[in-house]
Amino acid sequence: MTSVYETLERPLPAVLSAMEQRGVSIERSMLSRLSGELAQRMGALESEIHELAGEPFNLGSPKQLGDILFGKMQLPGAKKTKTGAWGTAAGVLEDLAAQGHELPARILDWRQLSKLKSTYADALPTYLHKETGRVHTTYQLAATTTGRLSSTEPNLQNIPVRTEEGRKIRAAFVAPQGKKIVSADYSQIELRILAHMADIPQLAQAFEDGMDIHAMTASEMFGVPVEGMDPQTRRRAKAINFGIIYGISAFGLANQLGIGREEAGQYIKTYFERFPGIRDYMEETKEACRRDGYVTTIFGRKCHYPSIKASNPAERAFNERAAINAPIQGSAADVIRRAMIRMDGALEAAGLSARMLLQVHDELIFEVEDGEVEKTLPVITKVMAEAPMPAKALRVPLLVEAKAEASWEEAH
DNA sequence: TCGGCAAGCCAC
DNA sequence: AAACGTGGCTTGCCGA
């Protein structure tokens, strides 16, 4: 079998251009039906909300809502945005809803439906191309500080997936007759890259053994067995793992988990006691950035953060967190780029007609003929898993999960 | 009428 | 809200 190292590498701009031109198929009728349902439910909610508020107002106006909740109704927990208006972001409304207040709960419902309708159900069909009948995004190659791609007009890198209603949008991304949508994604790639860069043997071993990394983290931190673990305990460890990647603070973790800042600080302390190599890595990364003005990915690409030396403490702290995150996020971006420039050549070399259509940071989406699915999946997963090589051999295996289904929602 | 900012929220 | 990183899109609002 031909090694992936010998497959043709196409320049990334050519790869992106090909993906843009291929486009993706969406089922207009599904979105239009969904839009109607959303409109109806939003209408019912609007009446209910105006009843609860005691007056009609523009539901799309955070300012009007803030005046009603905190000016008129005097609900607790009011916080101002930086311009002095009452804040009404989801976190604020969730706190109020948890205290049994009906109005903020219904507003949250309305906002979710409104977002899905305006940004996705109504907007996506307007991007259907006259001649191809498909949706063609544009990828920006140099729009991010870390080396990620971005996607515009429309952005196909933020299609909903977290809620049941949102997945109805994703379900409209379908394969044409005789084909399947294949989604292939890197499992926990940023944590694996952190384990490699910081050289943490426990984490590397856990990935080698295919363990549940969040449960393992919880077990290490709280001294409880993975078997029969309280879901809450795992959830906290998961929040910490994500926080670590983003340059955690006790304040941020406390807000994320709804716990006190002292307790959050204790979690972080315990984490660094269990994984001192992570703390060392972070300190070394910040130090290098202060010295050089940039940090580097595993493959040597630089990400510049000269303002890490700013005298303003908030600006400095912001750049420190970005500098900690950039090598992790940027290395993951490098890995998937390396896979992308080899993918078409590898598929061609294997005599397969699969077409790479979309990239969503740690995921590649393809269209594959029904009869070729079985032969295509291993080619895709191999190219992705071996993408760091031969330039780098990671201390941690990369796991790629791939699935073929009729729609993106099912395949994901 | 148009451009830009603020707030909010979708994804990884 | 955001002292948890990276983006883009929509609506409301205000001034030119």
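Note that these values count all heavy atoms, side chains included, but never hydrogens, waters or copies made by symmetry. Protein chains get the first letters and strands the later ones, always in sequence-line order, with residue 1 at the start of each.
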**Fill in**
Whole-Å distance, A:Gln329 CD to B:dC12 P, equals 13 Å
**Asked** Near DNA chain C, under 4.0 Å by heavy atom, which residues of residues 75-93 of chain A?
**Response** A:Lys79, A:Thr81, A:Gly87, A:Thr88, A:Ala89, A:Gly91, A:Val92
**Asked** Looking only at side-chain N and O atoms, does A:Arg111 come under 4.0 Å of OP1 or OP2 in B:dA7?
**Response** no
**Asked** Could A:Lys79 and A:Trp86 be counted as a cation-pi pair, given that NZ or CZ must be under 6.0 Å from the ring centre and within 45° of the axis?
**Response** no
**Asked** Is atom CD of A:Glu164 surrounded by more than 12 heavy atoms (other residues, nucleotides or ligands) closer than 6.0 Å?
**Response** no
**Request:** Check for a donor-acceptor pair, side chain of A:Arg22 on one end and backbone N or O of A:Glu367 on the other, with a separation under 3.5 Å.
**Result:** no
**Request:** May I have the distance from A:Leu257 (atom CG) to C:dA3 (atom P), rounded to whole angstrom?
**Result:** 17 Å
**Request:** Round to a whole Å and report the spacing from CG of A:Leu113 to P of B:dC9.
**Result:** 13 Å
**Prompt:** If you look at every strand shown and take non-hydrogen atoms under 4.0 Å, does A:Ile245 touch a base, only sugar-phosphate, or nothing?
**Reply:** nothing
**Request:** Kindly check if the number of other-residue, nucleotide or ligand heavy atoms within 6.0 Å of NZ (A:Lys309) is above 12?
**Result:** no
**Prompt:** Just wondering, more than 12 heavy atoms not from A:Glu315 lying within 6.0 Å of its CD?
**Reply:** yes
**Item:** Check: A:Phe57 ring centroid to A:His50 ring centroid under 6.0 Å
**Value:** yes
**Prompt:** Just checking A:Asp185: base, sugar-phosphate only, or nothing, at a heavy-atom cut-off of under 4.0 Å?
**Reply:** nothing
**Length of the line joining A:Arg162:CZ and B:dC10:C1', which is rounded to integer Å** = 8 Å
**Message:** Distance check needed: C:dT6 P versus A:Asp334 CG, whole Å only.
**Reply:** 16 Å
**Message:** OP1 or OP2 of C:dT6 versus the side-chain N and O atoms of A:Arg148: is any pair under 4.0 Å?
**Reply:** no
**Message:** Please pick, from B:dA11, B:dC9, B:dC12, the nucleotide with the shortest atom-to-atom distance to any side-chain atom of A:His412.
**Reply:** B:dC12
**Message:** So if I take every side-chain heavy atom of A:Pro160 and compare against B:dC12, C:dT6, B:dC10, which nucleotide ends up nearest?
**Reply:** B:dC10
**A:Lys302 and A:Asp292 ion-paired at < 4.0 Å** = no
**Prompt:** Looking for any heavy atom pair under 4.0 Å, which part of the strands does A:Tyr246 touch: base, sugar-phosphate only, or nothing?
**Reply:** base
**Asked** Using atom C1' of each nucleotide, how far apart are B:dA6 and C:dA2 to the nearest Å?
**Response** 16 Å
**Prompt:** Centroid-to-centroid, A:Tyr271 to A:Tyr267, below 6.0 Å?
**Reply:** no
**Prompt:** Any Lys/Arg nitrogen of A:Arg342 or A:Glu386 sitting under 4.0 Å from an Asp/Glu carboxylate oxygen of the other?
**Reply:** no
**Message:** Regarding A:Gly247, tell me which of base, sugar-phosphate or nothing describes its non-hydrogen contacts under 4.0 Å with the strands shown.
**Reply:** sugar-phosphate
**Fill in**
Whole-Å distance, A:Asp362 CG to B:dA11 C1', equals 10 Å
**Request:** May I ask you to say what A:Ala317 touches in the nucleic acid, namely base, sugar-phosphate or nothing, with a heavy-atom cut-off under 4.0 Å?
**Result:** nothing
**Request:** Assign a letter to each nucleotide of nucleotides 7-16 of chain C from its 5' end: B, base within under 4.0 Å of a protein heavy atom; S, sugar-phosphate only; -, no contact.
**Result:** BBSSSSS---
**Rounded distance in Å - CZ (A:Phe242) to C1' (C:dT6)** = 13 Å
**Item:** Nearest-angstrom distance from the residue atom NE2 of A:His361 to P of B:dC12
**Value:** 8 Å
**SB check A:Arg106 A:Asp109 (cutoff 4.0 Å)** = yes
